[in-house]
Amino acid sequence: MATRAEVDVLPTREALMEAAAARFVSAAGAALRASARFVVALAGGSTPKALYALLAGAPWAGRVDWSRVHVFWGDERVPSRAAAACERVLREMFAPPVGPPRHAPGARFDLVLLGMGDNGHTASLFPGGTAVRETERWVVAERVDAVEMWRVTLTPIVINAAGEVAFLVSGAEKAPMLRRVLEGPHEPDALPAQVVAPDDGRLRWLVDAPAAARLERR
Ligand code: 6PG
């Protein structure tokens with residue numbers, strides 16, 4: 001049963017990044033207490049750059065045992081051969097040669113960070129694409145006309161098996177789409193961010209006030 005999304009509205013972009021850093025450190029601590037490693041998928045795009053800069057410096061950097069952190073990108077701008085290679089690495093790491101990841105520490109991503117495009121895409125799950133409906137593979141490659149390039153992306157199978165998924169959304173330009181995704185009709189083919197509904201993990205939307213400005217339920 002998918003868990004209900006938690007929406008945390010932070011007053012500013014800076015407060016959003018601090019809250020995201022705290023979530024990252026908390027998720028890493030929990031994972032390292034439950035298993036030998038913390039396996040995280042990072043979002044691309046511009047929004048999380050400030051988060052990554054925070055995590056790379058004091059005080060946040062000293063709060064994570066980076067020697068036990070395994071970092072992946074949630075999506076990449078590379079040829080399609082990389083998709084199969086990435087899936088092999090993940091299946092070796094999470095152990096099941098076939099089927100979805102198991103819902104247990106060490107057998108899935110502990111944390112997946114995602115952004116949201118103003119067209120409702122996330123990772124490289126784009127509107128009208130086939131990756132949003134993938135039910136077997138963990139990583140797929142797709143030619144995305146909207147950005148005129150091949151993309152490789154984690155699929156809903158592996159994202160929704162994660163222990164925790166956190167969206168980071170900032171800026172007034174995202175407000176109309178954030179309202180559609182969070183409060184509008186369920187239409188994941190048009191709004192792929194809606195396909196993210198962790199099976200038993202936590203789903204958080206960390207958003208700043210400008211991005212949340214159109215939300216009715218806050
Ligand atoms: C990418 C990301 C993509 C991104 C959104 C939001 O590689 O670009 O995977 O899904 O998170 O496009 O990007 P911004 O944070 O730049 O708005």
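Throughout, residue positions are numbered sequentially from 1 according to the sequence presented. Each ligand, and each atom within it, is numbered from 1 in the order the structure gives.
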Contact set, ligand 1, heavy-atom distance under 4.0 Å, ordered by chain/number, equals Gly44, Gly45, Ser46, Thr47, Asp75, Arg77, Gly115, Met116, Gly117, His121, Thr122, Ala123, Lys174
Only one of Val165, Leu154, Ile159 passes side chain to side chain contact (heavy atoms under 4.5 Å, CB included) with Phe109, and that residue is Leu154
- request: Ignoring hydrogens and angles, state whether a donor on the side chain of Glu142 or Thr153 is under 3.5 Å from an acceptor on the partner side chain.
  value: no
(message) Under a 3.5 Å distance rule, please check whether Asp208 uses its side chain to pair with a backbone N or O of Gly171 as donor and acceptor.
(response) yes
**Asked** Does some side-chain heavy atom of Arg214 sit less than 4.5 Å from a side-chain heavy atom of Leu178?
**Response** no
Under a side-chain separation threshold of 4.5 Å, the hydrophobic residues clustered together with Val147 are Phe126, Val144, Met149
### Message
Looking only at side-chain N and O atoms, does Arg137 offer a donor or acceptor that is under 3.5 Å from a partner on Thr155?
### Response
no
